Amino acid sequence: MHRDLQLRFLRTMLRIRRVEERCIAFAETGEIRAHYHLYIGQEAAGTGASAALAPDDYVFTTHRNHGHVIAKGGDPGKVLAEIIGRSGGYLGGRGGTFHVAAPELGIPHTSAIVGGSLPIAAGVAFAVRRRKGQRATLAFFGDGTMEEGVFYETLNLAQLWRLPLVFFMENNSVSAAERAGRGSPTSEHAAKALSDVPRAFGVETATVDGTDVEAVFALVRRLLERVRSGEGPFFVESRTTRWPGNYGAFPKLVGGTTDIAWALDAASAPDGVRAWTMESDPVIAYAAKLLWHGAIDAAALRAIDAEVRGEVDRAARFALESPLPQAEALAGVG
Amino acid sequence: MHRDLQLRFLRTMLRIRRVEERCIAFAETGEIRAHYHLYIGQEAAGTGASAALAPDDYVFTTHRNHGHVIAKGGDPGKVLAEIIGRSGGYLGGRGGTFHVAAPELGIPHTSAIVGGSLPIAAGVAFAVRRRKGQRATLAFFGDGTMEEGVFYETLNLAQLWRLPLVFFMENNSVSAAERAGRGSPTSEHAAKALSDVPRAFGVETATVDGTDVEAVFALVRRLLERVRSGEGPFFVESRTTRWPGNYGAFPKLVGGTTDIAWALDAASAPDGVRAWTMESDPVIAYAAKLLWHGAIDAAALRAIDAEVRGEVDRAARFALESPLPQAEALAGVG
Amino acid sequence: MSVEVRAPAATRTLKFAEALAEAVDEICAEDPRVVLIGARFTGHTPSAHVMEPVTRKHASRIVWPPISELAYCGVAVGAALAGLRPIVEMSTATFSYEAVPQIVNEAAVIAAMSGGRVRAPVVFHMLYGIRGGGGPQHSGSPQAWWWNSPGLQVAMPSSPADVKGLLRWAALRSEGPTVFMDHQRLMELEGPVPTGRHEIPFGQADVKRSGGDVTIVATSIQVSRALEAANRLAREDGIEVEVVDPRTLEPLDRATIFASVRKTGRVVVTDESHENAGVASGLAAIIAEECFDALRAPIRRVAIPPTPVPYAESLERALIPDTERLVAAVRALR
Amino acid sequence: MSVEVRAPAATRTLKFAEALAEAVDEICAEDPRVVLIGARFTGHTPSAHVMEPVTRKHASRIVWPPISELAYCGVAVGAALAGLRPIVEMSTATFSYEAVPQIVNEAAVIAAMSGGRVRAPVVFHMLYGIRGGGGPQHSGSPQAWWWNSPGLQVAMPSSPADVKGLLRWAALRSEGPTVFMDHQRLMELEGPVPTGRHEIPFGQADVKRSGGDVTIVATSIQVSRALEAANRLAREDGIEVEVVDPRTLEPLDRATIFASVRKTGRVVVTDESHENAGVASGLAAIIAEECFDALRAPIRRVAIPPTPVPYAESLERALIPDTERLVAAVRALR
Ligand SMILES: Cc1ncc(C[n+]2csc(CCOP(=O)(O)OP(=O)(O)O)c2C)c(N)n1
Ligand SMILES: Cc1ncc(C[n+]2csc(CCOP(=O)(O)OP(=O)(O)O)c2C)c(N)n1
Ligand SMILES: [Mg+2]
Ligand SMILES: [Mg+2]
């Protein structure tokens, strides 16, 4: 893999991590008023998949959208401003953390209803196909979405109509040991392996370790070629392991902010996140890999991290300084 | 198979056929005011499955319910009275053709919404299981129901909770040649074989020729034993071939009423239904089989048919003479 | 049944169903972005067949979806986001219940969330009301829910000219999502329809009959019933009724309604949804708030009493807000 | 926030959430037929934890369903048909949109269809309203839809005593299905709760404050806001406001409302659903119809303006029907 791309992956994943950590700070200071969802632990999936997309391809996401928007090129300042409900946000603060979208980046609308985005994504793909366009659509969604009927309705319809759509399911509750497998670890779905289900609909499926950014990128790039040539929808199961801070409705920074030095020695991570950092952290793992392969050295890594932290500091400042939206923002959209 | 049971099967199937034919007459005279659905061609499925049930087992059905209610022991007079909206109907004329139910026979409520009955059936099974009861629940539904998300939600939930429920799917659009197979002949479902889908959820499935009453009976009896012993839900695909009169929203008596003599020579059936009678009519086929095996002779067959016709004549008269429900029937149920 | 409409220069007499079919034909012909998801606009009514030439002519513009209301409504939303102008034909309005999440919680909120940058110009067409023998599950009138859901436009045409003019406007000009509700029993209604590209922008009420004594604000089929009542009241009681048809509930032309109420001081509001928090209640509340000083009698509502709609004709009759009940309501005002 | 309720002999002061939890605890203890499908009655509110001892104690009475609202509501209906008394806890009310077909078109019609022979005593509990940062998809107030759907009872308690008394009655005594709506922001409200098995039969409004000048008919959280407004108006304007709380919309205690209106002649109706065809409109329409002669001023509605609820606090504030708006509405009546 080309080094530029590798560094881009690393930077994007770090950017997501730092933005998400900032959200926890914003929740602590009351800037985020209600519960919210973070992408920590899934950065490689969103980053790898989005890197394979063309700039004008469509992306759909969920309540857990921050990372997807940033991976698609979203400006961290506008993302954070949206998350805290400011007029400088992508939607002027009307959508908030559950709904970050960026129409100008091919993310026209984000639903926070489980399964809500899926048929809309299929509709966009349907429009593209009718016009014989080349734009692909990729829909991120969680394993829980496979408990909702709309998933099956959409899958069936997408397969019947051979829509140019990647169903990118993020199974974020897989243990580290099982991540390379395909079994279903949930107590809420009866399937032994979730990807058996789309296959029963005739949809081709692939399972990927969602903490491996290069693997995700390679898989999605290959599928997108086939999608663009009309081979119909595909289903991807991206398997990640839940970050300990993500249990419960209000994320907690259990081990403090990520210290990039953990890439040199993951065992130095604090108690609450040590095992997860060693086995399941896609950012630390990738930084470690690039170090190991000599793509970067420790100093370069620190420099990149410092750069990203600076960028996200500026983004947070932008968000905080962005004015509250005023009632006029509600006008004329009835 | 015991001859009494065989004659019971024949009688029940004939009873359904004659009631359904009467519906067409009722539609022609305006007694049925809107569109409606007939069970002609599927009599063996409902009859065989219901015969395997205990009297207090639960049955759920759909818009195409007339045959299921009769098979469960429904009185043809009360069924016909309900179909034409009379106070003597099972629901006093409040439900009508889409909703024939018979609480006293274990059919508490019939939904005419595609998939509407399924979770309710699961709920009944859930209650039975919680109370460690022995009553089984069998839910009839059409292949079209597998296009609705609620089917998947219910299937998943039933399998997770190991509910004592038989999903009895009637695929009524299979060609005669394919009836013994398992392929999916619909243009509305992407699965190559519909039963692949429940299997992906870990639910055991079986496919049966739904025009073969003894096969259906044997299969369901076996599954019910397993259901009662807590082995969880099962999925049956019963495959039948559409009766030519059932195309379009308003059934037509394309070949006139069934002449029981066709059992002696199916080729003597009139043009519109000849091929179907020869290859796919469960009633004629079963009469012919009983004749062939010597379980009955032609005279006995004619006598049974005459008896059933008399019974259904009386039922129709009962229905027609039953008074229109009066506004009091609406009171006190808010 | 026939309704007098003040006719512009050139008109022809068409049935409601014919005007509807003509609108669909023209819409498809004029805007290549239009796609039809389902196309049974005329349902199972006696005039159903008038759609046949239209669906043949524009077959390439129609997709026939599986029985997956939730997904295909979402597909329409997505297609609209990507630049198509989809019209979803849902058939019986109660089937739209399956799609409430996509209609109310996606289509309706998109423009507001993005400050109008993202728009979903989609039409959800449905056949509502007591059609005769529909029973409790196929006679639904959900118009009040849509009106209660901000972000949706709601059209309820009452005449052949209006259905054509409003549907053309919704499909070709509207920037937002529209729920378009036709009463099943309007299809046979005849009336003059302007030749040419007749369009009616939303938000323009129409005074269907002038009169100085009493105002009836009536939607959809209630306009025909109100006009019949008006004729009878003029003949039998010498009461001159003004019939005001809002044509769209959202946007609502308050000025025209208020002008009539201020003139007559006596109001009956009528709509074929259920009484409690129904459309008649919504209209009555606005009038009670804004025209209080002009009122000389209580605002009477004529709507469906709060009882699920039964099947038997004798019971249905007790619920329909018919001419008789309108006459009685007007008489009670004096 | 604290509300004065005329207290019977023995009471304790409890938070709304505590009274709710106590009710659930008692209900489970007293009736073995009760089963809970989901049990997060207190949502993500600050008092969420008060349910913990209850869910631990009654763990065997709780099933945690998959994210399948449509199916699990149907399961509850079926379980009720089979003799259980299920309470479904749906969390955020907008999730109930997925289950509209089962709530409105199954649960609600069963008793009417069978003339009351078959009953589905199920409680659908949900947390509605502008909770703060819920954004357009998690701030929904669908109460008007339920009220518009005959066959459903609708409860909207406003105080700790009422939530306990009404929930007990719904769960233990009701014969029909109930939608039970708690406002997310009520959970912290404190008030006296009678000791013992406090129950409030449906259909009994409560005068929460007496006054002779103006009536505010207020539901749920609007009662607190109305009481605050009343105190301010008494202090600042010398206006004595009577606050009438219907407690249940269906059945509705018209007599108590009418008596107050006839006494004061001036009415504000308020509910936190959207204005058009919302609950405030439904109540206003009834009053306009039945109490016209007593009215001395227009009936003012204070509800959510017809705009999807935005995320930013500054925008939310513009929509909440708060004390300020109630005070202004009352002042405008004079
Ligand atoms: C229809 C609906 N039901 C319930 C919820 C509440 N909810 C929000 S996120 C979530 C879990 C989703 O799980 P999954 O799809 O695996 O996504 P993850 O949070 O794991 O990324 C639930 C139940 C919702 N938003 N929409
Ligand atoms: C939710 C819903 N959508 C659409 C319909 C209209 N409808 C009635 S029967 C039917 C076809 C059902 O097909 P299937 O389940 O195979 O049953 P069959 O009629 O073949 O017995 C449809 C679409 C409905 N009743 N409910
Ligand atoms: Mg998940
Ligand atoms: Mg079928």
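Every chain is numbered from 1, with letters handed out A, B, ... down the list of sequences. All values below come from the heavy atoms of this structure, side chains included, with hydrogens, waters and symmetry mates left out. Computed from a predicted model, the values in this text were never measured in an experiment.
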Report, in residue-number order, which members of residues 167-174 of chain D are under 4.5 Å from chain B by heavy-atom distance. none

How many angstroms lie between atom CZ of B:Arg94 and atom CZ of D:Arg117, to the nearest 0.5 angstrom? 8.5 Å

Of the backbone (N, CA, C, O) and the side chain (C-beta and beyond), which part of B:Arg131 lies under 4.5 Å from a heavy atom of chain D, both, or neither? side chain

Minimum heavy-atom separation for D:Ala71 and B:Leu157, please, with both atom names. CB-CD1, 4.2 Å

Using every non-hydrogen atom in the two residues, find where B:Val124 and D:Gly78 come nearest and quote the distance to one decimal. CG2-O, 3.3 Å

Interface moiety of B:Leu160 toward chain D, non-hydrogen atoms closer than 4.5 Å: side chain

In terms of heavy-atom pairs under 4.5 Å with chain D, which of B:Gly116, B:Gly133, B:Gly92 leads? B:Gly116

Contact part of D:Glu98 toward chain B, heavy-atom cut-off under 4.5 Å: side chain, backbone, both or neither? neither

Separation between CG of D:Leu70 and CD of B:Glu153, rounded to the nearest 0.5 Å: 5.5 Å

Select one option (side chain, backbone, both, neither) describing which atoms of D:Pro150 are under 4.5 Å from chain B's heavy atoms. neither

Would you name the heavy atoms of B:Trp161 and D:Trp64 that are closest together and state the gap between them? CZ2-O, 4.0 Å

Contact part of B:Tyr58 toward chain D, heavy-atom cut-off under 4.5 Å: side chain, backbone, both or neither? side chain

Decide side chain to side chain contact (heavy atoms under 4.5 Å, CB included) for B:Arg130 and D:Arg61; before the verdict, give the C-alpha distance in whole Å, the side-chain angles of both, and the deciding distance to 0.1 Å. CA-CA 10 Å; B:Arg130 271 194 86 80; D:Arg61 310 290 290 284; 4.3 Å; yes

Cut-off 4.5 Å, heavy atoms of chain D, and the answer for B:Thr110 is backbone

